[in-house]
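Read through the structure below, which is laid out as structure tokens, and then see the notes.
Side-chain atoms are counted along with the backbone in the values below, which use heavy atoms only and exclude waters and symmetry mates. Everything quoted here is computed from the prediction, not taken from an experiment.
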Amino acid sequence: MIVVAAVAILSAGTAGAIADGGAGAQVQQDDPGAAGQTVTAEDVSAEEIRMTNVNVSGLTVDLSQFDGTENILEDSFSAAIGNNVQGFEVESIEIGGISEATVTVEDNVATVDAQIEFIALDGVEAEQVTFDGSASAAGAVDGMLTAGSLNAESTTVSELSVGSLTIGSAEAAPPDETPADNDTETPTDNETETPVDNDTEMTSASVTFEDQTSDGTTVVVESVEMSEGGFVAIHNDTLLEGDAVGSVVGVSDYLEPGPHENVTVTLFDVEGANVDESDLTETLIAMPHEDTDDSNQEVYDFVSTDGDADGPYLEDGEAVTDSATVTVETEDETETPVDNETETPIDNETETPVDNETETPIDNETETPIDNETETPIDNETETPVDNETETPVDNETETPVDNETEMLTASVTFSNQTSNGSAVLIESVEMSEGGFVVIHNDTLLEGDAVGSVVGVSDYLEPGPHENVTVTLFDVEGTEVNQSDLTETLIAMPHEDTEDSNQEVYDFVSTNGEADGPYLEDGEAVTDSATVTVETENETSENETAEA
């Protein structure tokens, strides 16, 4: 590879410093097993590897080995690869933009330092790569390319395949020292056979990620289980093109070993990454990652270490993943339905106001208000007002009007027990005949506080069924609530959108219950309750300390 830089400089006059007779610096290869965990990857292959902003340092090339230029790219790139790589082959190499280069030649040996815009490799294969770091396919590529004279700012890989990964102790005792063998229990044999079998049996993971609707700030992973604990990372679809690091758009809090359900993953808050909503793709991939960085436990370091730490759980040499179609709904993207404008308003005016003033809101709503607006005026014109008000209207209110409304306006909701990071919860399913909102109430609702119990509300949802709806907490117009207002039991309640002057905005709290009241069934609000466990990093640390 870099001999191309040397050839370009020596033969074509590219700007660079050439010093014949100087003492060229030899490449010093670090012992890959000097410290930490040593990993051996076998049968590594990639359709394409593209390195950008490549720094070449202290590459030495014996110019006498090159009889022609036919294989000069392949031969020179092989020289740049470290001694930790065996059986390296590449079909073709493209080099672009040599910004600067220094070549020192002594005794027909060139020592090269250079800055190159990019290097593109097609058809890359290596029989074996030995490296320190995460036991992952990304770690194998990094170990193959950076242990020698090369260092790239970023590397993109497509169609990456690794036949096997073997983990062993970094310090192998000399074969003729029996005491060392006793201390480490025959390290040479165990390194290549026993540890790998144990690791693949002990470290296992599974994940289920379902299609869902999101507000664009969080997604929910239906279930995940990790034998050693770790994180659930959310990748966009550039992962399918081989960009394991750059595809990360979200990550969960640290999760302890074992099964977890309905895990809320916050998007765009990834240490070492700069991502936002523009990085979302319709297909997202959930991937369980280990927590391998001993110096920074319970912190996701995969991106900040460029894949060296906290790699994914593997099964048969491949990362454990599940993909889902995530639909992001925002207020701007939804449209105001005609049906809501013409049907809903009367219901809110007659049902909600009495609700908040009394502790039995729904019963009062369906008696007094509807009576006066829909039936009393007609009764007064044809009969004695007092009699009609006290006898006939009440009967008619509870029979004719309410029956019609409950037939036209229907809703259902399913809210399951779950674990949350404290900023959002997941509604498994909700269906509203006229559209509206799913509202989360704390358990003061059970004491009659319909307005003050609201701690979260979804975006406006159009009429019909919705699944896996993420509800953001503490962002409710008309009230100030925070995590201290959460209770272990939370109640999900579908609410109508009845305010004509402020459509698709939840006004129940800001109007003190006069607008956007709940859907009713048999005179009672439609609800479902769940136990929500809030996990934070501090709580996780305390739990682990207690277990220890």
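With sequence neighbours excluded, the residues forming a side chain to side chain donor-acceptor pair (under 3.5 Å) with Thr208 are Ser223, listed by chain and number. For Asn296, the side chain to side chain donor-acceptor pair (under 3.5 Å) partners are Asp301, not counting sequence neighbours. Considering only residues two or more places apart in sequence or on other chains, Tyr300 meets the ring-ring contact (aromatic ring centres under 6.0 Å, His included) condition with Phe231, His289.
At least one donor-acceptor pair closer than 3.5 Å links the side chain of Asn442 to the backbone N or O of Asp485. Side-chain atoms of Asp310 come within 3.5 Å of backbone N or O of Thr292 as a donor-acceptor pair. Side-chain atoms of Gln418 come within 3.5 Å of backbone atoms of Leu426 as a donor-acceptor pair (strictly under, hydrogens ignored). No donor-acceptor pair under 3.5 Å is formed between the side chain of Thr281 and the backbone N or O of Asn236. Remark: side-chain polar atoms of Asp243 are not paired, donor with acceptor, to backbone N or O of Thr238 under 3.5 angstrom. With Ser433 contributing its side chain and Thr410 its backbone, the two residues share a donor-acceptor pair below 3.5 Å. Side-chain atoms of Ser158 never come within 3.5 Å of backbone atoms of Gly242 as a donor-acceptor pair (strictly under, hydrogens ignored).
Side-chain contact between Gln503 and Asp497 is present, with heavy atoms from C-beta onward closer than 4.5 Å. When side chains are defined from C-beta on, Val505 counts as touching Glu477, because their heavy atoms get closer than 4.5 Å. Residues Ile49 and Thr155 are in side-chain contact: their nearest non-hydrogen atoms beyond the backbone lie under 4.5 Å apart. No side-chain heavy atom of Ile427 sits less than 4.5 Å from a side-chain heavy atom of Asp528. Residues Thr213 and Asn468 fail the side-chain proximity criterion, which asks for heavy atoms closer than 4.5 Å. The shortest side-chain heavy-atom distance between Leu461 and Glu329 falls under the 4.5 Å cut-off. You'll find the side chain of Val326 stays beyond 4.5 Å of the side chain of Leu280, heavy atoms only. Counting only heavy atoms from C-beta outward, the side chains of Phe508 and Val439 never approach each other to under 4.5 Å.
Heavy atoms of other residues, nucleotides or ligands lying less than 6.0 angstrom from CG of Asp276 number more than 12. The environment of Glu261 atom CD is sparse: at most 12 non-hydrogen atoms of other residues, nucleotides or ligands sit within 6.0 angstrom. Taking a 6.0 Å sphere around CG of Asn482, one finds it holds more than 12 heavy atoms contributed by other residues, nucleotides or ligands. Counting non-hydrogen atoms of neighbouring residues, nucleotides and ligands closer than 6.0 angstrom, the CG atom of Asp475 reaches no more than 12 such neighbours.
To the nearest 0.5 Å, the span separating CD1 on Ile285 from CZ on Phe209 amounts to 8.5 Å. Taking CG from Asp308 and CG from Asp293, the interatomic distance works out to 9.5 Å, rounded to the nearest 0.5 Å. The line from CD of Glu318 to OG of Ser161 is 6.0 Å long, rounded to the nearest 0.5 Å. The OG1 atom of Thr325 lies 4.5 Å from the CG atom of Asp211; values are rounded to the nearest 0.5 Å. Note: Thr203 OG1 to Met226 CE = 12.5 Å, rounded to the nearest 0.5 Å.
Closest non-hydrogen pair, Gly435 versus Tyr519, comes out as O-OH, 2.6 Å.
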For this session: Given side-chain contact (heavy atoms from CB on, under 4.5 Å), test Asp516 with Thr511 step by step and report yes or no.
Result: CA-CA 9 Å; Asp516 298 349; Thr511 62; over 6 Å; no
